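The block underneath contains the structure these notes are about, expressed in structure tokens.
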Amino acid sequence: MSRLGIGTVQFGKKYGINNSVGQVPETEVKRILKYSLESGLDFLDTATTYGNSEEVLGRFKNIKDFNIVTKLSSEVQFIKKEIQNSLINLNVETIYACLFHDFKSFVNNEDHYSELKKAKEIGLVKKIGFSVYFPDELEYLLKNKINFDIVQLPYNLFDRRFETLFGILKERDIEIHVRSVFLQGLFFMDTKKLSSYFNSVKPIINNLQTFCNINEIPIAEFLLNFILKNKSCDKIILGINSVKELKENLDIEKKDNPILRDFNFCPYKIENENILIPYFWK
């Protein structure tokens with residue numbers, strides 16, 4: 001089976017700095033899902049806050065053939081009820097996993113975690129975990145020996161903040177699901193069209209684009225291969241807007257480009273969280 005998974009936020013609303021398409025039409029969503037199953041990709045990532053993404057997925061006739069992860073809203077009050085609503089929307093009886101979407105909602109009410117564990121015990125979900133943005137959130141979970149099955153975190157050519165924790169996660173048999181592989185499309189942007197907010201990273205984007213052009217490597221292939229080469233990453237969540245995009249990414253997964261076999265040369269790591277975390281963008 002493919003290590004790729006489909007992030008579905010764009011199925012429920014317009015999303016991404018480089019998104020000129022808007023919300024993906026439901027007819028195209030169904031084509032994407034059908035092609036996914038035919039190609040051995042059976043993993044979907046959604047959330048209660050992704051517009052009407054769950055409902056759109058639930059209208060696909062073979063939705064039960066997918067492993068689905070959903071995430072709780074930051075204002076959640078009744079865990080079981082919200083999960084049951086997601087199951088209704090998704091038209092399934094159980095899902096692969098449910099994650100806390102907002103780490104603060106867990107810290108502010110740790111009783112919610114007990115409720116999430118109960119949802120697992122009664123079979124509403126198979127696995128539980130957390131979506132995190134900052135290493136100190138994950139360090140808190142590990143230090144306090146919180147038992148969980150999955151962590152979803154941002155990881156890409158620029159954002160390597162969590163790499164030092166991958167070994168610990170693997171030792172504890174925790175699945176690592178990575179997102180923001182393309183950083184909402186920032187890597188592909190014409191830097192002349194970016195605002196001055198991104199001035200610090202424009203030369204690095206230009207350097208990457210030039211390197212890929214000279215070596216005749218599509219930027220998406222370069223970026224995705226960086227993640228694929230890290231075997232600690234169990235699932236790689238990609239936003240998909242069309243069957244064409246999905247096919248291109250699946251083809252990359254199967255491809256072995258000699259230039260991309262060793263990423264020790266990569267000079268692209270940055271530390272500025274104002275760039276790495278899209279909700280800080282202005």
Side-chain angles (χ1 to χ4, degrees), residues 3-7 9-10 15-20 45 103 130-139 151-169 176-241 245 248-249 252-253 257 259-282:
R3 287 168 66 200
L4 305 184
I6 297 177
V9 60
Q10 68 280 4
Y15 180 80
I17 191 174
N18 198 37
N19 181 359
S20 60
D45 178 84
F103 187 75
F130 298 85
S131 173
V132 296
Y133 287 87
F134 302 98
D136 61 353
E137 295 173 339
L138 181 52
E139 288 165 354
V151 63
Q152 186 188 111
L153 51 86
Y155 186 50
N156 56 61
L157 196 64
F158 284 174
D159 190 351
R160 323 269 267 278
R161 294 171 298 147
F162 290 90
E163 278 182 335
T164 57
L165 298 171
F166 283 2
I168 299 172
L169 292 168
I176 301 174
H177 297 184
V178 299
R179 64 176 186 268
S180 294
V181 174
F182 301 141
L183 203 53
Q184 286 198 19
L186 181 65
F187 291 105
F188 306 105
M189 294 287 288
D190 179 349
T191 55
K192 295 185 180 67
K193 296 180 180 179
L194 289 172
S195 73
S196 59
Y197 181 83
F198 295 96
N199 280 350
S200 65
V201 79
K202 287 179 183 180
I204 307 174
I205 296 174
N206 288 333
N207 183 286
L208 170 64
Q209 292 174 351
T210 299
F211 176 87
C212 289
N213 287 335
I214 291 173
N215 290 279
E216 298 182 342
I217 304 169
I219 295 174
E221 183 175 339
F222 187 95
L223 298 169
L224 186 51
N225 263 276
F226 170 74
I227 307 296
L228 287 165
K229 292 295 185 288
N230 191 326
K231 300 305 180 184
S232 294
C233 302
D234 297 292
K235 285 295 177 183
I236 303 163
I237 310 301
L238 302 176
I240 300 295
N241 292 313
E245 276 188 16
E248 288 170 351
N249 285 301
I252 290 170
E253 186 179 21
N257 189 325
I259 297 177
L260 302 177
R261 287 177 185 166
D262 181 5
F263 275 90
N264 292 330
F265 67 89
C266 279
Y268 300 109
K269 177 181 177 181
I270 66 173
E271 304 288 347
N272 185 352
E273 290 184 334
N274 288 321
I275 298 297
L276 297 178
I277 302 175
Y279 69 65
F280 288 156
W281 292 355
K282 297 174 183 174

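Quantities reported herein were computed from a predicted structural model and do not represent experimental measurements.
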ring-ring contact (aromatic ring centres under 6.0 Å, His included) partners of Phe187, counting only residues at least two apart: Phe158
Apply side-chain contact (heavy atoms from CB on, under 4.5 Å) to the pair Leu194 and Ile205, showing each step before the final yes or no. CA-CA 11 Å; Leu194 289 172; Ile205 296 174; 4.2 Å; yes
Distance-only, no hydrogens or angles: does the Asp234 side chain make a donor-acceptor pair with backbone N or O of Ile176 under 3.5 Å? yes
Find the distance between CZ (Arg161) and CG (Leu138) and round it off to the nearest 0.5 Å. 11.0 Å
Restricting to salt bridge (charged side-chain N to carboxylate O under 4.0 Å, His left out), what partner residues turn up for Glu245, sequence neighbours left out? none
For Pro135 and Glu273 the tightest heavy-atom approach is CD-OE2, 4.4 Å
For the residue pair Lys202 and Thr191, what are the closest heavy atoms and their distance? CE-O, 3.4 Å
Find out whether Leu169 and Phe162 are in side-chain contact, i.e. whether some heavy atom of one side chain is under 4.5 Å from a heavy atom of the other. no
Do Leu153 and Val178 have side chains that get closer than 4.5 Å, going by heavy atoms? yes
To the nearest 0.5 Å, how far apart are OH in Tyr268 and CG in Leu208? 5.0 Å
I need the Phe211 CZ to Asn206 CG distance, nearest 0.5 Å. 15.0 Å
If only side-chain N and O atoms count, and only distance matters, is there a donor-acceptor pair under 3.5 Å linking Asn225 with Lys229? yes
What closest approach, in Å, do Lys235 and Leu4 show between heavy atoms, and which atom pair accounts for it? NZ-O, 4.2 Å
Provide the closest heavy-atom pair for Ile237 versus Val181 in the form atom of the first, atom of the second, distance. O-CG2, 4.2 Å
Using the side-chain hydrogen bond (donor to acceptor under 3.5 Å, both in side chains) criterion, which residues pair with Glu137? Sequence neighbours excluded. none
Between the side chain of Gln152 and the main-chain N/O of Arg179, is any donor-acceptor distance below 3.5 Å? no
Run the salt bridge (charged side-chain N to carboxylate O under 4.0 Å, His left out) test against Glu216 and tell me which residues pass, sequence neighbours left out. none
Non-hydrogen side-chain atoms of Ile252 and Asn249 separated by less than 4.5 Å: yes
Would Met189 and Phe198 satisfy side-chain contact (heavy atoms from CB on, under 4.5 Å), going step by step from the backbone distance to the final call? CA-CA 11 Å; Met189 294 287 288; Phe198 295 96; over 6 Å; no
State yes or no: are the ring centers of Phe182 and Phe188 separated by less than 6.0 Å? yes
Can you name the residues that form a salt bridge (charged side-chain N to carboxylate O under 4.0 Å, His left out) with Asp136, not counting sequence neighbours? none
Heavy-atom side-chain contact between Leu223 and Leu183 under 4.5 Å: no
Could you check whether any side-chain N or O of Asn213 sits under 3.5 Å from a backbone N or O of Gln209, counting only pairs where one atom can act as donor and the other as acceptor? yes
Minimal non-hydrogen separation, Phe134 against Ile277, with atom names: CE2-CD1, 3.2 Å
Set of residues satisfying side chain to side chain contact (heavy atoms under 4.5 Å, CB included) with respect to Ser200, sequence neighbours excluded: Asn272, Ile275
Where the side chain of Tyr133 meets the backbone of Phe103, is there a donor-acceptor pair that is under 3.5 Å apart? no
NZ or CZ of Arg160 within 45° of Phe166 ring axis and under 6.0 Å: no
Taking all heavy atoms of Ile236 and all of Cys233, pick out the closest pair and write down the distance. CG1-CB, 4.5 Å
Aromatic ring pairing Phe226/Tyr155, orientation class (parallel under 30°, perpendicular over 60°, tilted between): tilted
